[in-house]
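Below: one structure, written as structure tokens.
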Amino acid sequence: MIVVFLGPPGSGKGTQAKKLSQELNLSHISTGDLLREAVKKQTPLGLKAKEYMDRGELVPDSLMIALIEEVMPKEGGFILDGFPRTVPQALVLEDMLNRHGRNLDKVFLFDLSEEVVVERLSGRLTCSQCGAVYHKKYNPPKQEGICDLCGGKLIQREDDKEEVIRKRYRVYAEQTKPLIEFYQERNKLTRLDAEQDIQEVNRKLLEVLKNGG
Ligand code: ADP
Ligand code: ADP
Ligand code: ZN
């Protein structure tokens, strides 16, 4: 099974991808996590990507396409979390899957208003060591400031400041929203109400993937 999670920043894609990948034994490919790793390690990709990420802009398609070609599993199911984000990326993905005789099963659109996006991202806490994600109010760690999974320090991401959040939302509306129509035309799109709580969104995802509707 190959699934794409589409939606504004902060709509819960990463949270749900982590859960679902364990429940259905799928690989989880988060381009945001891969980029942050590259920045941390100061690889050539990381050095080029950092300035775009800090500004809340998209990393250029050429870099993203090279990255996805490198990490896409040749076999087994996977969830793409945060890719594609532009029409050119979606076209390359389609072509890449075709070449391997594979097919995208479903695209989930995580539907959320800008105001809730800002609330979610201003409260997001990220583990500086393992990347695990929490929320001050909606998904707090057991011990304040400390990751439940690895004991690492929880931080606020540089791009989770209100000004950059608003910028990222605009970038989403301009560059990523056209993918809604792109996947609708291909009959792949399922809309999810991403404002519901974490368990409810997870339940809905499992229901759609098990019953096809
Ligand atoms: P994305 O990967 O789409 O940017 P995240 O999964 O990182 O989104 O979630 C953004 C923030 O919102 C995190 O702090 C997360 O804990 C919180 N969150 C995720 N899903 C929900 C939900 N259904 N209800 C409330 N808060 C949520
Ligand atoms: P969020 O889900 O909170 O928006 P991500 O962790 O998915 O954030 O992405 C963080 C940043 O990484 C984005 O703001 C963007 O700069 C870059 N990025 C991630 N995926 C892509 C992509 N497919 N195309 C271009 N840039 C990307
Ligand atoms: Zn951690």
Side-chain angles (χ1 to χ4, degrees), residues 4-20 28-39 45-46 48-68 71 79-90 92-93 108-112 116-141 143 145-160 164-165 167-172 175-176 179 192-205:
V4 164
F5 283 1
L6 185 68
S11 56
K13 304 181 299 295
T15 300
Q16 296 296 333
K18 285 199 183 87
K19 272 175 93 71
L20 195 71
H28 172 199
I29 302 173
S30 158
T31 44
D33 286 349
L34 291 168
L35 288 170
R36 276 184 293 279
E37 270 300 307
V39 170
L45 169 66
K48 286 182 212 141
K50 187 176 185 315
E51 52 176 315
Y52 297 99
M53 297 170 76
D54 287 346
R55 286 201 297 264
E57 290 168 12
L58 293 183
V59 173
D61 285 338
S62 57
L63 294 176
M64 294 312 299
I65 288 163
L67 173 65
I68 210 76
V71 301
I79 303 172
L80 285 174
D81 160 17
F83 187 97
R85 266 170 147 103
T86 64
V87 172
Q89 290 180 14
V92 166
L93 174 64
F108 288 97
L109 172 64
F110 286 61
D111 223 350
L112 204 66
V116 184
V117 162
V118 174
E119 199 203 357
R120 291 256 184 107
L121 291 186
S122 359
R124 174 158 70 181
L125 297 169
T126 305
C127 175
S128 55
Q129 270 179 44
C130 76
V133 168
Y134 303 84
H135 191 281
K136 285 177 189 162
K137 192 157 126 200
Y138 303 118
N139 184 24
Q143 206 184 328
I146 310 274
C147 178
D148 293 354
L149 301 178
C150 78
K153 186 167 173 264
L154 301 184
I155 54 159
Q156 184 181 44
R157 266 168 55 177
E158 274 304 317
D159 58 350
D160 281 348
V164 190
I165 296 172
K167 170 77 178 291
R168 285 156 68 209
Y169 192 85
R170 273 204 309 282
V171 167
Y172 167 77
Q175 303 190 51
T176 307
L179 291 180
L192 282 178
D193 177 1
E195 211 170 319
Q196 294 171 301
D197 68 32
I198 294 175
Q199 290 310 327
E200 185 54 26
V201 177
N202 174 250
R203 198 193 58 70
K204 184 72 193 169
L205 279 167

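Counting starts at 1 for both ligands and their atoms, in listed order.
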**Asked** How far apart are the closest heavy atoms of Leu35 and Ala49, and which atoms are they?
**Response** CD2-CB, 4.0 Å
**Under 4.0 Å to a heavy atom of Gly14 - the qualifying atoms of ligand 1, by number** = 1 (P), 2 (O), 6 (O)
**Request:** Determine, considering heavy atoms only, which of Arg85, Met53, Arg124 sits nearest to atom 9 (O) of ligand 2.
**Result:** Arg85
**Complete:** Asp197 heavy atoms within 4.0 Å reach ligand 1 at atoms 23 (N)
**Complete:** One finds that the ligand 1 atoms under 4.0 Å from a non-hydrogen atom of Gln196 are 22 (C), 23 (N), 24 (N)
**Asked** Val201 to ligand 1: N or O pair under 3.5 Å?
**Response** no
**Asked** Which part of Arg120 is near ligand 2, with near meaning a heavy atom under 4.0 Å away: side chain, backbone, both or neither?
**Response** neither
**Request:** Kindly say whether Gly145 contributes a backbone atom to a donor-acceptor pair with the side chain of Lys153 at under 3.5 angstrom?
**Result:** no
**Gly82 N/O under 3.5 Å from ligand 2 N/O** = yes
**Contact (N/O only, under 3.5 Å) between Gly12 and ligand 1** = yes
**Message:** Using heavy-atom distances only, which candidate in Arg168, Gln175, Arg157 approaches atom 10 (C) of ligand 2 most closely?
**Reply:** Arg157
**Cation-pi geometry met for Arg85 and Phe83 (6.0 Å, 45°)** = no
**Request:** Indicate yes or no: does an N/O atom of Ile198 lie under 3.5 Å from an N/O atom of ligand 1?
**Result:** yes
**Request:** Considering only non-hydrogen protein atoms, determine which one is nearest to atom 20 (N) of ligand 2 and report residue, atom name and distance to 0.1 Å.
**Result:** Thr31 OG1, 2.9 Å
**Request:** Work out the angle at the Zn ion (ligand 3) between SG of Cys147 and SG of Cys130, rounded to 10°.
**Result:** 110°
**Prompt:** Which residue from Val117, Val59, Thr176 reaches closest to atom 25 (C) of ligand 2 through any of its heavy atoms?
**Reply:** Val59
**Message:** So, regarding Asp81 and ligand 1 (criterion: nitrogen or oxygen to nitrogen or oxygen, under 3.5 Å), is there a contact or not?
**Reply:** no
**Item:** Nitrogen or oxygen atoms of Gln16 and ligand 1 under 3.5 Å apart
**Value:** no
